[in-house]
Amino acid sequence: MKVGPKGGLAELVLDEAEGRKVMFANQMDIDQEEDVFYFNDSSDKYHFEQVFYVYISGEKTGRVIRYDMKKKEATVVMDKLHLPNGLALSKDGSFVLTCESGTNTIHRIWVKGPKAGTNEVFSKIPGPMDNIRRTPTGDFWVALHCKDSLFTRVFLSHSLVGKFFIKTLKVETVIHLVNGGKPHGIVVKLSGETGEVLEILEDSEGKTVKYVSEAYERDDGKLWIGSVYWPAVWVLDKSVYDLTNKDK
């Protein structure tokens, strides 16, 4: 869907790709030079409010879709993914990153240059990821709901295990268990070139930040952190944080 700058009635852009309905459209990014956008279709069965069911179901029906706004054509550029969640385009537009939350893996999909049409593992993250955002310098911030726990390992041990809990547990209970019974917050900064972990910020006790779904760094050095499950927005002044770390 799209809405003009003055608001109004939303207009349908697309609702299927390569013969399959878009069921769970997720994070997207736009290549303004090419007039193309990319987005995740996270499941062929569940919707947004059931995202944790997608996570524990073990089903690999997620995909990454490229939409050419000039030609009005949708193409699947990667599929058979277990809950592709966050997505971001590189600064030069040569590749797209998609966060496969069910495997703690970030994939790099090359869309331009000699490697176009191929993909590779960009980074492995120690927990279920949500959104990913590019920084002004071309690195990336990844938001994690939590670190891996005994419960995430149990849920993901076999698809039948996850499907059993889907039938027997409420979504709220699943969220509580996935978070190890103690909501907390984590954001991870990755190199935009290599995928190497550059920085980890964590509120392990969840005293201030919890259920993190997104981290967005602005040009002024402030890191804006949001949550899809907790009614709060946190702002971290990284210039103060960096000075504090240097003093240590």
Side-chain angles (χ1 to χ4, degrees), residues 1-2 10-29 37-67 73-88 96-107 109 119 121 124-125 127-132 142-146 148-180 183 211-214 226-230:
M1 309 289 285
K2 71 175 181 179
E11 176 187 343
L12 178 66
V13 177
L14 78 156
D15 62 356
E16 69 173 34
E18 297 188 0
R20 196 182 103 186
K21 286 287 186 181
V22 174
M23 182 65 70
F24 184 171
N26 212 324
Q27 190 174 7
M28 64 170 286
D29 207 349
F37 66 79
Y38 300 85
F39 70 97
N40 290 322
D41 183 15
S42 297
S43 171
D44 69 349
K45 181 179 181 180
Y46 299 100
H47 296 280
F48 168 76
E49 66 274 10
Q50 300 165 313
V51 62
F52 276 88
Y53 283 171
V54 184
Y55 177 67
I56 69 174
S57 71
E59 295 182 355
K60 297 182 178 182
T61 59
R63 53 191 183 157
V64 182
I65 298 170
R66 175 186 187 273
Y67 185 72
E73 292 179 353
T75 307
V76 176
V77 295
M78 192 171 183
D79 60 3
K80 298 179 181 179
L81 295 168
H82 181 187
L83 182 54
N85 214 339
L87 179 146
V96 175
L97 298 181
T98 184
C99 299
E100 188 180 17
S101 297
T103 63
N104 297 352
T105 304
I106 299 179
H107 301 276
I109 305 167
N119 62 76
V121 173
K124 296 288 287 186
I125 304 298
M129 301 165 284
D130 201 324
N131 292 330
I132 181 171
V142 184
L144 280 70
H145 281 292
C146 60
D148 275 332
S149 66
L150 171 63
F151 291 103
T152 60
R153 290 190 287 272
V154 170
F155 285 147
L156 299 177
S157 62
H158 195 283
S159 61
L160 292 178
V161 175
K163 290 174 182 177
F164 169 77
F165 284 116
I166 288 174
K167 293 179 180 179
T168 57
L169 299 178
K170 294 181 179 180
V171 173
E172 293 80 5
T173 304
V174 172
I175 295 172
H176 180 72
L177 293 176
V178 166
N179 280 270
Y211 295 125
V212 176
S213 60
E214 183 159 333
S227 170
V228 71
Y229 289 108
W230 197 255

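- Separating the CE atom in Met78 from the CD1 atom in Ile109 is a distance of 5.5 Å, to the nearest 0.5 Å.
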Dump the intermediate steps for side-chain contact (heavy atoms from CB on, under 4.5 Å) on Asp29 and Val96, then the final yes or no.
CA-CA 9 Å; Asp29 207 349; Val96 175; over 6 Å; no
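- Without hydrogens or angle criteria, His82 side chain to Tyr55 main chain gives a donor-acceptor distance under 3.5 Å.
- Counting only distance, with no hydrogens or angles, the side chain of Glu11 and the backbone of Lys2 share no donor-acceptor pair below 3.5 Å.
- Contact record, Val64 with Leu81: CG2-CD1, 3.9 Å, taken as the closest heavy-atom pair.
- Ile166 and Tyr53 get closest at one heavy-atom pair: CD1-O, 3.6 Å.
- Between Ile106 and Ile125 the shortest side-chain heavy-atom distance falls below 4.5 Å.
- Residues Val13 and Met1 have side chains not in contact (no heavy-atom distance under 4.5 Å, counting atoms from C-beta outward).
- Between Asp44 and Arg20, the closest side-chain pair of non-hydrogen atoms falls below 4.5 Å.
- One finds the OH atom of Tyr229 at 4.0 Å from the CD1 atom of Ile175 (value rounded to the nearest 0.5 Å).
- Across Val212 and Ala143, no two heavy atoms sit closer than the pair CG1-CB, 3.6 Å.
- Side-chain atoms of Glu18 and Thr75, non-hydrogen and from C-beta on, do get closer than 4.5 Å to each other.
- Val22 and Ala17 get closest at one heavy-atom pair: CG2-N, 4.5 Å.
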Check against side-chain contact (heavy atoms from CB on, under 4.5 Å), Leu87 and Asn26
CA-CA 8 Å; Leu87 179 146; Asn26 212 324; over 6 Å; no
Run Cys146 and Val178 through side-chain contact (heavy atoms from CB on, under 4.5 Å) and show every step you take.
CA-CA 8 Å; Cys146 60; Val178 166; 3.8 Å; yes
Could you walk me through whether Lys21 and Asp15 pass the side-chain contact (heavy atoms from CB on, under 4.5 Å) check?
CA-CA 6 Å; Lys21 286 287 186 181; Asp15 62 356; 3.3 Å; yes
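- Here the rule is side-chain contact (heavy atoms from CB on, under 4.5 Å) with Val54, and of Pro84, Ser101, Ser43 only Ser43 fits it.
- Considering CG of Leu169 and CZ of Phe155, their distance stands at 6.0 Å, rounded to 0.5 Å.
- Taking the six-membered ring where the residue is Trp, the centroids of Phe151 and Phe165 are separated by 6.0 Å or more.
- Distance CD/Glu49 to CZ/Phe24: 8.5 Å, rounded to 0.5 Å.
- How far CG of Asp130 is from CD1 of Ile132: 11.0 Å, rounded to the nearest 0.5 Å.
- With contacts defined as side-chain heavy-atom distances shorter than 4.5 Å, the pair Thr61/Met23 does not qualify.
- Between the side chains of Asn85 and Asn40, no donor-acceptor pair of N or O atoms lies under 3.5 Å.
- Side chains of Ile65 and Phe39 form a contact here, defined as non-hydrogen atoms less than 4.5 Å apart.
- Once rounded to the nearest 0.5 Å, the distance linking CG of Leu160 with OG of Ser57 reads 11.5 Å.
- Ring geometry for Phe37 versus Tyr67: interplanar angle of 30 to 60°, hence tilted.
- Side-chain atoms of Lys124 and Thr105 form a donor-acceptor pair, as typed in the model, at a separation below 3.5 Å.
- Side chain to side chain, Asn179 and His145 fail the donor-acceptor criterion of an N or O pair below 3.5 Å.
- In terms of modelled atom types and a separation under 3.5 Å, the side chain of Ser213 and the main chain of Gly226 share a donor-acceptor contact.
- Using a distance-only test at 3.5 Å, with no hydrogens or angles considered, no donor-acceptor pair links the side chain of Thr152 to the main chain of Asp148.
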